[in-house]
J.: 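The structure that follows is given in the form of structure tokens.
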Number of protein chains: 2
Amino acid sequence: MVLSTAAEDYLKTIYKLRETGVRAVGNEARGNEARGNEAREGAPVTTQALADGLQVAAPSATAMVKKLASLKLVAHEPYRGVTLTPAGEKIALEVIRHHRLVETFLAEVLGMDWDQVHDEAEKWEHILSEEVEAKIDAALNSPTHDPHGAPIPTLDGRIASDGWQPLLRAGAGDRVTVRRVSDRNPAVLRHLREVGLIPGARLEVLRAAPESGVLELQVEAQARIVGTEPARAVWVSHDGDTPSSNLQNDAAENRK
Amino acid sequence: MVLSTAAEDYLKTIYKLRETGVRAVGNEARGNEARGNEAREGAPVTTQALADGLQVAAPSATAMVKKLASLKLVAHEPYRGVTLTPAGEKIALEVIRHHRLVETFLAEVLGMDWDQVHDEAEKWEHILSEEVEAKIDAALNSPTHDPHGAPIPTLDGRIASDGWQPLLRAGAGDRVTVRRVSDRNPAVLRHLREVGLIPGARLEVLRAAPESGVLELQVEAQARIVGTEPARAVWVSHDGDTPSSNLQNDAAENRK
DNA sequence: TTTTATTTTTAGACTGGCCTAAACTTAAGA
DNA sequence: TCTTAAGTTTAGGCCAGTCTAAAAATAAAA
Ligand SMILES: [Mn+2]
Ligand SMILES: [Mn+2]
Ligand SMILES: [Mn+2]
Ligand SMILES: [Mn+2]
């Protein structure tokens with residue numbers, strides 16, 4: 001199945017809008033107009049959410065959805081929303097695997113900054129051949145997560161469900177470990193690295209007053225004050241919790 | 001200047017067709033408006049050659065040529081042919097630099113076979129950012145030639161003129177060094193490597209009988225018989241000749 | 001239950017890049 | 001010089017992907 005860049009991006013975006021956590025991870029990058037389009041997890045993706053996510057007009061999304069439906073890559077209920085078929089999800093996971101492998105490669109092998117790799121990967125993900133994918137995977141020793149902590153789907157389309165908590169939901173006194181950050185906004189990423197909020201960092205929440213718009217943190221040895229906007233891009237695990245590292249066989253269990 | 005993949009491929013192909021001398025319509029001195037401007041000396045590239053090189057129909061080439069002419073990237077004399085302007089040549093050399101850097105990177109860093117890298121680079125050349133280009137260049141220590149012996153244009157658009165001789169033009173008794181091979185045909189490349197005809201290889205022509213369709217060679221320690229088809233993809237220098245390694249400042253000397 | 005607001009789809013148009021068929025220009029041959 | 005062959009451009013169309021404006025469907029409010 002050889003799809004256009006646009007079609008692949010639609011499939012990927014549908015997948016991400018349905019995925020737990022990632023939808024929320026992407027929130028800080030979305031404008032106000034997109035708020036409120038956050039469908040319940042597992043519900044079909046609305047045309048509007050898809051259009052917002054891809055920065056296109058709603059009729060463009062409708063048109064592509066109909067095209068993908070005719071290819072049996074999505075199921076479309078008019079006026080209700082769209083869901084991936086197993087075949088569509090398989091392709092979405094392939095594109096996401098490409099994206100995250102490329103990000104990791106650019107960061108680890110070429111030494112690019114972690115705020116730059118996302119935009120590059122957005123282009124590379126569509127032209128990566130299976131051969132190059134395999135070479136990159138081997139060169140990196142089959143990494144499981146990209147530089148932002150996002151799990152990399154396996155070659156056969158399985159992906160770890162992380163289930164981390166939003167940092168914003170943590171309360172005063174909580175000791176947490178940063179697990180994942182949104183890779184969408186380079187400026188936010190640069191700021192997060194500056195204050196030490198990178199995957200693996202351990203920190204304590206000193207004060208969490210939502211109405212103040214800031215979070216007071218003890219990151220490693222430093223006291224930090226972080227606004228809610230960057231904090232919204234951070235996912236954590238609560239120290240002591242067992243990390244949920246089970247592989248979901250999403251594609252396989254739905255494959256016909 | 002942000003151009004489509006198609007436009008970049010047209011510019012690159014025009015450059016290569018001029019470089020390799022494949023052109024048709026003779027340019028008997030036309031003393032008109034195209035004389036003293038950015039139009040360069042030499043025969044223009046014909047619509048047909050361009051269409052053949054890009055595997056498109058002639059009217060498609062005409063259409064794109066008109067578009068590029070309106071962007072001042074080529075000079076088009078209807079029914080006569082097309083030549084690059086300095087601005088067009090600069091872009092062509094950028095694309096070629098991307099292509100050859102990527103080929104080198106894929107071969108040296110990822111360990112891909114030299115018969116695979118060309119097709120990959122054909123895609124990558126259009127999406128390489130300046131940042132990634134710089135990182136690749138640095139990782140390879142600013143290579144001057146790609147795995148097939150083709151010179152890599154510099155960042156500022158200069159390229160070494162190699163001036164190697166076709167192996168087919170060598171005569172019996174000639175001792176030569178392989179300098180460059182065509183990277184177009186993977187099967188030919190695999191064959192060339194098998195018989196040792198790779199850049200740097202030294203060999204002696206034992207018998208060159210054009211009518212026989214084969215060349216008898218002594219490649220390093222091995223006696224080899226090579227057909228004219230693969231031999232056509234090989235360029236050599238004659239041992240003892242001084243290699244012409246001067247950098248042509250093509251783009252710079254014509255820049256307005 | 002009826003009206004209104006919101007979301008989605010349809011209609012129609014545009015651009016880029018490609019195509020075939022036909023007309024045109026140039027070069028070559030008689 | 002006239003005719004023909006070859007090469008190039010124009011004419012007209014198709015497809016992918018996008019857009020805006022208008023119509024239709026659904027959800028919310030009255
Ligand atoms: Mn993309
Ligand atoms: Mn990432
Ligand atoms: Mn190309
Ligand atoms: Mn090459």
Side-chain angles (χ1 to χ4, degrees), chain A residues 1-14 17 30-40 43-71 73-83 122-123 126-127, chain B residues 1-14 17 22-32 34 43-71 73-83 122-123 126:
Chain A
M1 170 92 43
V2 62
L3 290 177
S4 66
T5 292
E8 288 185 346
D9 278 339
Y10 275 90
L11 293 174
K12 184 182 71 170
T13 302
I14 293 166
L17 288 172
R30 301 229 291 266
N32 295 333
E33 72 284 346
R35 298 269 172 72
N37 286 327
E38 294 152 30
R40 300 145 318 264
V45 172
T46 65
T47 297
Q48 196 61 56
L50 193 48
D52 287 347
L54 286 157
Q55 309 256 65
V56 298
S60 307
T62 299
M64 180 60 86
V65 160
K66 292 177 79 169
K67 203 168 301 179
L68 294 173
S70 81
L71 293 170
L73 298 174
V74 303
H76 182 217
E77 273 198 89
Y79 293 97
R80 299 259 155 215
V82 66
T83 52
E122 202 62 38
K123 299 179 293 183
H126 305 291
I127 64 165
Chain B
M1 170 91 45
V2 61
L3 289 177
S4 66
T5 292
E8 289 185 346
D9 278 339
Y10 275 88
L11 293 175
K12 183 182 71 169
T13 303
I14 293 167
L17 289 173
V22 180
R23 52 196 84 120
V25 181
N27 71 330
E28 58 278 7
R30 297 168 45 79
N32 58 13
V45 171
T46 66
T47 298
Q48 196 62 59
L50 194 46
D52 288 349
L54 285 157
Q55 309 255 63
V56 298
S60 306
T62 298
M64 180 61 85
V65 161
K66 291 178 80 169
K67 204 167 301 179
L68 295 173
S70 81
L71 293 171
L73 298 175
V74 304
H76 181 215
E77 275 197 87
Y79 293 100
R80 297 260 158 211
V82 66
T83 50
E122 202 61 39
K123 299 179 291 183
H126 305 292

J.: In whole angstroms, how far is the P atom of D/dT8 from the OH atom of B/Tyr79?
T.: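 After rounding, the gap between these two atoms is 10 Å.
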J.: Encode nucleotides 11-19 of chain D as B, S and - characters from 5' to 3', where the letter depends on protein heavy atoms closer than 4.0 Å: B to the base, S only to sugar-phosphate, - to neither.
T.: -----SSBB
J.: Is there a side-chain contact between B/Leu3 and B/Leu11 (heavy atoms, below 4.5 Å)?
T.: yes
J.: Would you say B/Arg80 reaches C/dA27's phosphate, i.e. side-chain N/O to OP1/OP2 under 4.0 Å?
T.: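 Yes, because at least one side-chain N or O of B/Arg80 sits under 4.0 Å from OP1 or OP2 of C/dA27.
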J.: Considering the options B/Ile14, B/Val65, B/Thr83, B/Val74, which one meets the side-chain contact (heavy atoms from CB on, under 4.5 Å) requirement together with B/Val45?
T.: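 Among B/Ile14, B/Val65, B/Thr83, B/Val74, the one that satisfies the side-chain contact (heavy atoms from CB on, under 4.5 Å) with B/Val45 is B/Ile14.
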J.: Got a sec, which residues hit side chain to side chain contact (heavy atoms under 4.5 Å, CB included) with A/Lys67, two or more places apart in sequence or on another chain?
T.: A/Met64
J.: Within the 4.5 Å heavy-atom criterion, are A/Glu122 and A/Asp9 side-chain neighbours or not?
T.: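 Contact flag for A/Glu122/A/Asp9 side chains = yes.
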J.: Rounded to whole Å, how long is the line connecting atom CG of A/Asp52 with atom P of C/dT7?
T.: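 Whole-Å distance recorded here is 10 Å.
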J.: Less than 4.0 angstrom between a side-chain N/O of A/His76 and OP1 or OP2 of C/dT9, yes or no?
T.: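 Yes, because at least one side-chain N or O of A/His76 sits under 4.0 Å from OP1 or OP2 of C/dT9.
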J.: How many angstroms lie between CG in B/Leu68 and CG in B/Leu73, if you round to the nearest 0.5 Å?
T.: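 CG of B/Leu73 is found 6.0 Å from CG of B/Leu68.
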J.: Atom NZ in A/Lys12, atom CG in A/Leu54: separation rounded to 0.5 Å?
T.: 8.5 Å
J.: Measure from CD on B/Gln48 to P on D/dG7 and round the result to the nearest Å.
T.: 6 Å
J.: For B/Lys66 and D/dT9, what is the distance between atoms NZ and P respectively, to the nearest whole Å?
T.: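 After rounding, the reported distance stands at 8 Å.
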J.: OP1, OP2 of D/dT9 versus side-chain N and O of B/Thr47: anything below 4.0 Å?
T.: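 Answer is yes, contact under 4.0 Å.
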J.: Using whole Å, report how far CG of B/Leu71 lies from P of C/dG17.
T.: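 Answer to the nearest Å: 10 Å.
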